[in-house]
Participant: 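Next up is a structure, given as structure tokens.
Numbering of residues begins at 1 and proceeds along the displayed sequence. Please read these numbers as outputs of a predicted model, since none were measured by experiment.
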Amino acid sequence: MNRIPRTAVTDLVVLSVLSLLAVLGYETSFGDLDFLLAAVAGLVVGTAAALLGTVLRLGVLTTVVLGLAMYFVLGTPFTMPESAIFGVLPSLTSLAGLAIGAVYGWADILTIGTPVEAPYYVAVVPYVAAWAVALVGSMLVLRWLPKRRTVARSAVILIGPVLLFISGILLGTDEAFYAGVRGVAFAVIALVWLAWRRGSDVETDAAGARRLRAQKVRGSAVVVAGAVAIGAVAGLAVAPIAPERFVLRDQVVPPFDPLEFSSPLAGFRNYTKDLAEEPLFTVTGLEPGDIIRLASMNSYTGRLWNVAGPGDSDDDGGYAITGPTLPQPPLATLGSTRSIELDVSGYDDVWLPTVGYGTELKLDDTGSAGRSGDLRYNAAAGTAVLTSGVGEGTRYRLDSRMQVEPSDEDLADVPVATIELPPVENVPDVVTAKGEEYAGDATTPIEQLRNIERGLKTNGFLSHGLASDSIASRAGHGADRLIELFTRSSMVGDEEQYASAMALMARQLGYPSRVVMGFAPEVGEDDDSVEVVGEDVTAWVEVPFEGVGWVSFRPTPDQVDAPQDQTPKPKSEPQPQVRQPPRAEHVEDDLLSTVEIDDTDDEDKDRPFRIPGWVWVTAASLGIPAAIVFLPMLFVAMAKERRRRRRRGRGNEIAAAAAWDELIDRYAELGFEPPERSSRLQTARALEHQAVEQGVLPNSDPGSLRLTALAASVDRDVFDGQQVASETVVKRWSEADAAAAVVSAAVGRSRRLIARYRMRRRR
């Protein structure tokens with residue numbers, strides 16, 4: 001085993017301290033120092049892997065594999081302790097988190113608001129960063145730096161901690177975590193260490209080297225201290241009060257998540273009751289029949305309709321950052337154009353009222369124009385969002401094109417488009433049953449949808465639940481409200497309930513559908529501008545047809561006079577007296593008796609066999625570490641066998657000499673150090689001497705290895721000029737195998753195990 005020199009220990013300590021100072025910059029992202037445990041664990045695991053690889057004389061590739069194994073096996077309790085088995089052992093979830101976090105955790109930190117507390121694998125980022133810097137830096141310190149000790153090589157070691165320091169800045173926030181203190185400490189330690197390293201480059205003897213290093217360290221310390229003092233004074237004098245700090249978080253904008261805001265449809269009754277006569281905004285450029293779009297909802301949870309979040313499966317692409325020019329919809333047949341101007345007065349929300357599918361949107365007022373970076377647009381839905389909010393004084397101009405409304409005859413043979421939307425959940429059975437009832441015997445999609453629209457429109461009654469309405473109507477569109485809609489003696493509701501019900505009916509028939517909320521003001525032929533008030537709010541359903549676009553359906557009835565629920569008292573009428581037949585004394589036995597058949601076994605037979613989840617977790621927890629440990633051993637064994645076959649497959653003279661080469665390689669793999677550029681006899685004596693020094697041979701008899709005799713025999717075979725017989729080749733390989741087996745049995749189990757990971761090829 002190799003010994004670690006004292007200078008290398010000093011280098012490793014400096015590397016670890018600099019890395020720790022650098023990784024502290026992650027505090028601004030995590031909000032506290034809880035992440036520091038994962039970072040320190042990464043430093044320890046990476047450094048330990050490099051030390052083990054050096055002490056055990058493992059190759060670079062084998063050391064990296066060992067580092068990866070330690071990364072996965074030891075990382076769980078420090079990064080995801082809640083996912084660990086018994087608090088320590090890795091589980092399938094934690095192993096996946098260690099892999100996913102190393103790849104995607106960086107993006108999560110940038111796109112999630114601080115303090116970063118999710119996803120569950122986010123602590124893997126400081127762990128893997130510190131682990132990688134420690135592993136690579138320690139391997140350079142232990143393997144590469146001792147070969148030629150120069151300042152340039154020492155400076156290369158600092159690249160890892162410097163990159164780690166920069167990553168803490170880029171992934172952080174505008175508020176630095178003791179940036180001045182950490183930066184000065186980092187620079188002082190690095191410069192003093194380089195000066196100390198500089199003193200070791202020109203040493204002549206031990207005493208002179210110590211004096212030279214001491215002088216350079218003292219001189220560097222004085223220079224660094226003066227630079228720090230001058231820099232601190234100058235910084236306080238000329239530095240701006242609030243310096244700009246470049247961080248990636250300000251450059252990478254997270255995707256708009258509609259789930260952060262309440263469902264637009266949930267506030268439907270607020271417009272009809274509280275804001276019925278309140279002016280919301282004024283629109284210029286509308287034409288008769290135009291409807292203003294506010295939000296398009298395609299996700300239903302059983303409680304409410306909402307806009308699908310960015311992580312849901314949705315073909316519309318979500319809300320994307322856009323400039324004044326808006327992207328075109330993926331599915332639409334566009335016709336006439338509109339150019340409207342909208343001036344907000346009493347409206348207050350994040351959704352921008354639009355008309356049709358926009359082509360260009362420009363924020364005109366000073367306050368909104370400065371927040372143009374907050375604009376998001378969904379081309380498929382034709383709706384826009386200003387994430388910082390729309391309020392009084394907001395003014396913008398929108399150029400758009402309108403969707404052509406085809407006739408039912410044009411859609412008779414047109415199938416519904418295949419669009420993936422988020423699945424609807426907790427749909428009441430009565431809604432599904434009513435949808436099938438209203439669809440009837442229609443065979444085409446447009447006929448079925450029109451039948452549902454007609455069934456709701458003709459059988460229902462309109463009521464906003466106002467005091468002036470003839471019958472009460474409860475707000476909401478959850479499962480309980482829709483059940484009430486269809487189980488009362490009369491269907492009573494408004495656009496909120498009828499649009500929700502029809503959209504769910506269409507979904508249950510297999511058709512993608514969405515609920516659209518907006519405003520339908522009355523626009524006259526000569527109206528230049530229209531003032532939109534709360535009572536103009538409306539909602540409708542849209543279903544996409546292949547090659548046509550989203551076709552609208554309006555199932556809300558116009559009838560408002562719903563019949564009152566009356567329960568008449570039954571009239572009492574006298575019944576004639578009838579003579580009852582006499583009671584039978586004998587009760588006939590049932591000819592057939594009820595037999596209960598237990599078909600549980602049949603169900604179990606039909607149910608496919610499933611492996612329990614704990615089996616997968618246990619197999620993964622044991623199998624992955626085992627694969628990391630044993631697969632490299634298998635590959636090395638295959639390579640050794642291939643080396644042996646190639647050597648024995650040559651000519652007899654070369655094959656006899658190759659037996660000696662195979663023996664020397666096996667000794668080297670067991671931890672011995674064969675001398676380079678020496679004869680076979682010299683190599684044999686050196687190896688026998690090493691075996692005695694290491695205590696491999698208990699009787700201290702080097703002759704028991706028979707290396708000298710074998711070396712002399714191989715020399716005779718090679719240099720006597722005689723033809724080497726095949727029997728001689730077989731004998732030399734048998735002798736070499738026997739000599740290797742003797743020392744392999746003597747070195748002990750640990751060295752034999754390490755030898756399985758080593759492969760040396762004698763030149």
Participant: Where does the angle between the aromatic ring planes of Tyr438 and Phe486 fall among parallel (under 30°), tilted (30 to 60°) and perpendicular (over 60°)?
Facilitator: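 It falls in the tilted class, 30° to 60°.
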Participant: Please evaluate residues Ser339 and Asp399 with respect to the criterion side chain to side chain donor-acceptor pair (under 3.5 Å), reporting the C-alpha separation (whole Å), side-chain torsions for both, the decisive distance (0.1 Å), and the verdict.
Facilitator: CA-CA 4 Å; Ser339 181; Asp399 295 335; 2.8 Å; yes
Participant: Is the ring pair His477/Tyr300 parallel, tilted or perpendicular, if the boundaries are 30 and 60 degrees?
Facilitator: tilted
Participant: Starting at CG of Asp343, measure out to OG of Ser529 and round the result to the nearest 0.5 Å.
Facilitator: 10.0 Å
Participant: Taking OH in Tyr104 as the centre, count heavy atoms belonging to other residues, nucleotides or ligands within less than 6.0 Å. Is the count above 12?
Facilitator: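 Not buried by this count: 12 neighbours or fewer within 6.0 Å.
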Participant: Kindly write out the residues that satisfy side-chain hydrogen bond (donor to acceptor under 3.5 Å, both in side chains) with Asp480, not counting sequence neighbours, or none if the list is empty.
Facilitator: none
Participant: Taking the inter-plane angle between the rings of Phe545 and Phe553 on a 0 to 90° scale, is it parallel (under 30°), tilted (30 to 60°) or perpendicular (over 60°)?
Facilitator: tilted
Participant: Out of curiosity, Thr272 OG1 to Glu496 CD, how far, rounded to the nearest 0.5 Å?
Facilitator: 8.5 Å
Participant: Just to verify, which of Gln328, Gln403, Met402, Arg338 counts as forming a side-chain contact (heavy atoms from CB on, under 4.5 Å) with Tyr357?
Facilitator: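 Only one option passes, and that is Gln403.
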Participant: Taking Leu171's backbone N and O only, do any of them form a donor-acceptor pair with Ser29's side chain (distance below 3.5 Å, no angle check)?
Facilitator: yes
Participant: Using only atom types and a distance under 3.5 Å, with no angle test, would you say the side chain of Arg376 pairs donor to acceptor with the backbone of Val385?
Facilitator: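 No, the answer is negative, given that no donor and acceptor are paired below the 3.5 Å cut-off.
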Participant: Would you say the side-chain atoms of Trp106 pair up with the backbone N or O of Ala102, donor to acceptor, closer than 3.5 Å?
Facilitator: yes
Participant: Any sub-3.5 Å donor-acceptor pair from Asp527's side-chain atoms to Val530's backbone N or O?
Facilitator: no
Participant: Going by side chain to side chain donor-acceptor pair (under 3.5 Å), Ser473 matches just one of His464, Glu484, Arg269. Which one?
Facilitator: Arg269
Participant: Under the 3.5 angstrom rule, does the side chain of Ser345 hit a backbone N or O of Pro279 as a donor-acceptor pair?
Facilitator: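 Indeed, once roles are kept as given, a pair shorter than 3.5 Å links the two residues.
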Participant: Provide the closest heavy-atom pair for Ala472 versus Ser463 in the form atom of the first, atom of the second, distance.
Facilitator: C-OG, 4.3 Å
Participant: Checking side-chain contact (heavy atoms from CB on, under 4.5 Å) between Leu456 and each of Gln497, Arg554, Met505, which is the one that passes?
Facilitator: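 Among the candidates, only Met505 passes.
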Participant: State, yes or no, whether a side-chain contact exists between Glu392 and Thr394 at a heavy-atom distance under 4.5 Å.
Facilitator: no
Participant: Quick check against the 3.5 Å criterion: does Tyr377 have a side-chain atom that pairs as donor or acceptor with the backbone of Thr325?
Facilitator: no
Participant: Main chain of Pro521, side chain of Asp536: is a donor-acceptor contact present, judged purely on distance under 3.5 Å?
Facilitator: no
Participant: So do Leu342 and Leu398 actually touch side chain to side chain, heavy atoms under 4.5 Å?
Facilitator: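 Leu398 does not reach Leu342 side chain to side chain.
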Participant: Check whether any side-chain heavy atom of Asp494 lies under 4.5 Å from a side-chain heavy atom of Phe268, and answer yes or no.
Facilitator: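 The answer is yes; the side chains approach within 4.5 Å.
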Participant: Between Tyr271 and Leu280, is a side chain to side chain contact (heavy atoms under 4.5 Å, CB included) present by the stated rule, with each step listed?
Facilitator: CA-CA 10 Å; Tyr271 289 102; Leu280 302 178; 3.8 Å; yes
Participant: Specify the closest pair of heavy atoms between Val283 and Val532, including all atoms of both residues, with the distance to one decimal.
Facilitator: CG2-CG2, 4.2 Å
Participant: For Val350 and Gly389, work out which heavy atoms get closest and say how close.
Facilitator: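 Distance-wise, the nearest heavy atoms are CG1-CA, 4.2 Å.
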Participant: Do the side chains of Lys457 and Pro555 get nearer than 4.5 Å, heavy atoms only?
Facilitator: no
Participant: Checking salt bridge (charged side-chain N to carboxylate O under 4.0 Å, His left out) for the pair Glu447/Arg454: CA distance, chi angles, key distance, verdict?
Facilitator: CA-CA 10 Å; Glu447 289 178 346; Arg454 189 179 305 110; over 6 Å; no
Participant: When you measure from the side chain of Thr538 to the backbone N and O of Ala520, does any donor-acceptor pair fall under 3.5 Å?
Facilitator: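 Not at all, since once roles are kept as given, no pair shorter than 3.5 Å links the two residues.
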Participant: For the residue pair Val548 and Leu331, what are the closest heavy atoms and their distance?
Facilitator: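 Minimum heavy-atom contact is N-CD1, 4.2 Å.
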Participant: Please step through side chain to side chain contact (heavy atoms under 4.5 Å, CB included) for the pair Val551 and Glu405, ending with a clear verdict.
Facilitator: CA-CA 7 Å; Val551 177; Glu405 290 287 342; 4.2 Å; yes
Participant: Hey, does Val424 have a side-chain heavy atom less than 4.5 Å from the side chain of Leu504?
Facilitator: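 The answer is yes, as the side chains (C-beta and beyond) meet within the 4.5 Å cut-off.
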Participant: Would you please indicate yes or no on a ring centroid separation below 6.0 angstrom for Phe519 and Phe281?
Facilitator: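 They qualify: ring centres under 6.0 Å apart.
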Participant: Which is it for Arg397 and Glu341 under the salt bridge (charged side-chain N to carboxylate O under 4.0 Å, His left out) test, yes or no, and what are the steps along the way?
Facilitator: CA-CA 4 Å; Arg397 178 176 54 84; Glu341 293 182 3; 5.4 Å; no
Participant: Tell me if the NZ atom of Lys362 is crowded by more than 12 foreign heavy atoms within 6.0 Å.
Facilitator: no
Participant: Verify side chain to side chain contact (heavy atoms under 4.5 Å, CB included) between Trp550 and Val516, making sure each step is shown before the conclusion.
Facilitator: CA-CA 11 Å; Trp550 292 81; Val516 185; over 6 Å; no
Participant: Rounded to the nearest 0.5 Å, what separation is found between the CD atom of Gln559 and the OG atom of Ser490?
Facilitator: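 It is 10.0 Å, given to the nearest 0.5 Å.
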Participant: Flag the pair Val355 / Ile292 as yes when at least one side-chain heavy-atom distance between them is below 4.5 Å, and no otherwise.
Facilitator: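 Result yes, sub-4.5 Å side-chain heavy-atom pair found.
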Participant: Under 3.5 Å, is there a donor on one side chain and an acceptor on the other for Tyr319 and Thr383?
Facilitator: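 Yes, a side-chain donor-acceptor pair sits under 3.5 Å.
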Participant: Check the side chains of Ser167 and Tyr26 for a donor-acceptor pair under 3.5 angstrom, ignoring hydrogens and angles.
Facilitator: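 Checked: Tyr26/Ser167 side chains pair up, N/O donor to acceptor below 3.5 Å.
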Participant: Can you name the residues that form a side-chain hydrogen bond (donor to acceptor under 3.5 Å, both in side chains) with Arg450, not counting sequence neighbours?
Facilitator: Asp408, Glu453
Participant: Which atom names give the shortest non-hydrogen contact between Ile471 and Arg488, and what distance separates them?
Facilitator: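 Scanning both residues completely, I find the closest heavy atoms to be CD1-NH2, 3.4 Å.
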Participant: Are the side chain of Asn298 and the backbone N or O of Leu421 linked by a donor-acceptor pair below 3.5 Å?
Facilitator: no
Participant: Do Thr432 and Asp429 get their side chains close enough for a donor-acceptor pair, meaning under 3.5 Å?
Facilitator: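 On atom types as modelled, these side chains do not qualify, holding no pair under 3.5 Å.
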Participant: Do Leu265 and Ser500 come within less than 4.5 Å of each other through their side chains, counting heavy atoms only?
Facilitator: yes
Participant: Quick one: CE on Met502 to OG1 on Thr556, what's the gap to the nearest 0.5 Å?
Facilitator: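 Going from the CE atom of Met502 to the OG1 atom of Thr556 covers 10.0 Å.
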Participant: If you look at every heavy atom in Ala369 and Leu363, which pair is closest and at what distance?
Facilitator: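 Looking at all heavy atoms of both residues, the closest pair is CB-O, 3.7 Å.
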Participant: Could you tell me if Ser388 and Arg371 have a donor-acceptor pair between their side chains, going purely by distance under 3.5 Å?
Facilitator: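 Judged by distance alone, the side chains do pair up.
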Participant: Determine whether more than 12 heavy atoms belonging to other residues, nucleotides or ligands lie under 6.0 Å from atom CD of Glu82.
Facilitator: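 Yes, the 6.0 Å shell around CD holds more than 12 heavy atoms from other groups.
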Participant: Do Asn378 side-chain atoms and Ala380 backbone N/O form a donor-acceptor pair below 3.5 Å?
Facilitator: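 The answer is yes, because a donor-acceptor pair under 3.5 Å joins these two groups.
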Participant: For Glu535, check side-chain hydrogen bond (donor to acceptor under 3.5 Å, both in side chains) against everything at least two apart and list the hits.
Facilitator: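 Per chain and number, Glu535 pairs via side-chain hydrogen bond (donor to acceptor under 3.5 Å, both in side chains) with no residue.
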Participant: Are Leu449 and Val543 close enough, and set up right, to give a side chain to side chain contact (heavy atoms under 4.5 Å, CB included), and what steps lead you there?
Facilitator: CA-CA 9 Å; Leu449 294 171; Val543 178; 3.9 Å; yes
Participant: For a 4.5 angstrom cut-off between non-hydrogen side-chain atoms, does Met517 reach Trp351?
Facilitator: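 No, every pair of side-chain atoms sits at 4.5 Å or beyond.
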